[in-house]
Amino acid sequence: MARPKMLKLPEVLEEIEMSRAAFYRMRARGDAPKLIKLPNGQIRCRRGDLDAWWAEHEIAA
């Protein structure tokens with residue numbers, strides 16, 4: 001079974017075109033994609049979680 005693709009926080013920030021400070025404000029409000037804190041303290045986001053977040057926050061044109 002293949003492991004899910006894990007993105008580093010800078011990769012997530014680049015994709016959603018947001019600063020780290022703005023992202024953490026959004027996270028404090030509970031509106032950010034789901035993140036995982038690894039035992040070594042690093043932050044990751046599963047590709048599937050980010051894609052689900054994008055789908056949830058899409059605005060119909």
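Numbering starts at 1 and runs along the sequence shown.
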When rounded to the nearest 0.5 angstrom, what distance separates OH in Tyr24 from CZ in Arg29?
-> 14.5 Å
Arg20 side chain near Leu9 side chain, heavy-atom distance below 4.5 Å | yes
Could you tell me the separation between the NZ atom of Lys8 and the SG atom of Cys45, rounded to the nearest 0.5 Å?
-> 14.0 Å
Same apolar cluster (I L V M F W Y, side chains within < 4.5 Å links), Trp54/Met6 = no
Salt bridge check: are Arg47 and Glu15 linked by an N-O gap of less than 4.0 Å?
-> yes
Do Leu50 and Ile16 come close enough that some side-chain heavy atom pair is under 4.5 Å?
-> yes
Does the Glu17 side chain pair with the main chain of Glu14, one donor and one acceptor, at a distance under 3.5 Å?
-> no
CD1-CD distance between Ile36 and Gln42, expressed to the nearest 0.5 angstrom | 12.5 Å
Beyond-backbone contact of Lys5 with Arg46, side-chain heavy atoms, under 4.5 angstrom = no
Is Leu35 close to Phe23 at the side-chain level, that is, under 4.5 Å between some pair of heavy atoms?
-> yes
Looking only at heavy atoms, which two atoms of Pro33 and Met26 are closest? And how far apart?
-> CD-CE, 4.2 Å
